[in-house]
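Chain letters run A, B, ... following the sequence lines, proteins first and then strands; every chain starts at 1.
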Amino acid sequence: MPELPEIETIRRFLTAGSDEQPGILGERITQADLIWPGSLAAPAQEEFFRRITGQCILEITRRGKYLVFKLDDGYLLFHLRMSGDLILEPSEAEIAPHHRLVLYLAGGRRLAFNDTRKFGRSWLVSDPRQVTGKLGPEPLDPDFDARQFYDNLQRSRRQLKPLLMDQTFLAGLGNIYTDEALHRARLHPLTPAHLVSTGQAEALFTAIRQTLEDGIRHNGSSIDWVYRGGDFQNYFRVYGRKGQPCPVCGTNIEKMVVGQRGTHFCPACQPLKTEGM
DNA sequence: AGGGAAACCCGAACGC
DNA sequence: TGCGTTCGGGTTTCCC
């Protein structure tokens, strides 16, 4: 389930390649095959085929959980949602189950958008901001600092967990890394944002960055049957560890539902701060 | 404004 | 073993 570190891992792989094969920068798209039309959010199919064919992939960047392919003319964006993946394979390989969109490259390879649950989407647009325009700041952006983060927290009375997962507040955190970052910062998921002190905001800011950087360093997490390659799942402090000891204090990790999401935390390390405390 | 829920999906895990 | 049921997870949309 790709969050920022997993998306970044895929981005780096497609850009720089691996020991086995080079990346795809500079490759020309010779043909596109839309296997499940629902995976294309925009434009309409005919226009998509007309505009994508013959274009070169110049650059691959990331904005929040979106992958942004810069083409000769326009941008191709992917959101992998829960179960999506981008796979590089020989053009003559058999179309695997759950392939939704495939782009044939001039060099004899094929980029496949594979998505078991059909949640993922792609867009071909002239300006990526048409898709990513409402996203909040990038947590790893050097120009974004703890002070701005604190100011943003001050403006909200929402619970930290849903707020951090709100992509218009901060771009890139999903359920897993949010739980991990809150534990690292010793903040309860239900803490009202405006009650977070400057010191706590700084700790949370640092925790978010460290959690994401650790995830990226480990090439992301490979959980479920989805994305494979990373091993950060072996270093989770709280996520999926209900009933197991907190790595800091040994108290059993608890699980609750916050904003309809499974939320893991240590009741001892992350006490709930309320108004008046 | 913000919380809750439903919808979109399907494989895995669970219960019997 | 095999069947039916429940669950999860990112985002959008709708309702209160």
(message) I'd like to know if Glu213(A) and Arg209(A) make a salt bridge, using a cut-off of under 4.0 Å between side-chain N and carboxylate O.
(response) no

(request) Answer yes or no: does a side-chain N or O of Lys118(A) lie under 4.0 Å from OP1 or OP2 of dC10(B)? (result) yes

(message) What is the separation between atom CZ on Arg117(A) and atom C1' on dT11(C), rounded to the nearest whole Å?
(response) 14 Å

(message) If the test is side-chain contact (heavy atoms from CB on, under 4.5 Å), which one of Val102(A), Leu101(A), Leu14(A), Ile87(A) qualifies with Leu111(A)?
(response) Leu14(A)

(message) Of the listed nucleotides (dG11(B), dG3(B), dC9(B)), which one gets closest to any side-chain atom of Thr116(A)?
(response) dG11(B)

(message) Nearest 0.5 angstrom please: Gln270(A) CD to Arg184(A) CZ, how far?
(response) 12.5 Å

(request) Let me know the distance between CG of Leu153(A) and C1' of dG2(B), rounded to the nearest Å. (result) 16 Å

(message) Does the plane of the ring in Phe236(A) sit parallel, tilted or perpendicular to the ring in Tyr177(A)? Use 30° and 60° as the thresholds.
(response) perpendicular

(request) For Tyr66(A) and for Lys255(A), locate the closest nucleotide of DNA chain C by heavy-atom distance; then report the residue assigned to the nucleotide nearer the 5' terminus. (result) Lys255(A)

(message) Does dC10(B) have OP1 or OP2 under 4.0 Å away from a side-chain N or O of His98(A)?
(response) no

(message) I need the NZ-P distance between Lys134(A) and dT13(C), as an integer number of Å.
(response) 8 Å

(request) Could you say whether the aromatic ring of Phe119(A) and the base of dT11(C) stack, counting only centre distances under 5.5 Å and plane angles under 30°? (result) no

(message) Nearest whole Å is fine: how far is dG3(B) P from Lys161(A) NZ?
(response) 14 Å

(request) Measure the distance from CE on Met82(A) to C1' on dC7(C) and round it to the nearest whole Å. (result) 11 Å

(request) Could you state whether Ile52(A) and Leu77(A) fall into the same hydrophobic cluster, counting links through intermediate Ile, Leu, Val, Met, Phe, Trp or Tyr residues with side-chain heavy atoms under 4.5 angstrom apart? (result) no

(request) Return the value, rounded to whole Å, for the distance between atom CG of Leu80(A) and atom C1' of dG9(C). (result) 14 Å

(request) Name the closest nucleotide to the Arg158(A) side chain, picking from dG11(B), dG2(B), dG9(C). (result) dG2(B)

(message) Heavy atoms only, 4.0 Å cut-off, all strands: where does Gln260(A) land among base, sugar-phosphate and nothing?
(response) base

(message) Rounded to whole Å, how long is the line connecting atom NZ of Lys242(A) with atom P of dC7(C)?
(response) 12 Å

(request) Nearest-nucleotide wise, let me know which of Pro162(A) and Trp36(A) is further upstream toward the 5' end of DNA chain B. (result) Pro162(A)

(request) Please report, rounded to the nearest Å, how far the C1' atom of dG8(C) is from the NE2 atom of His264(A). (result) 11 Å

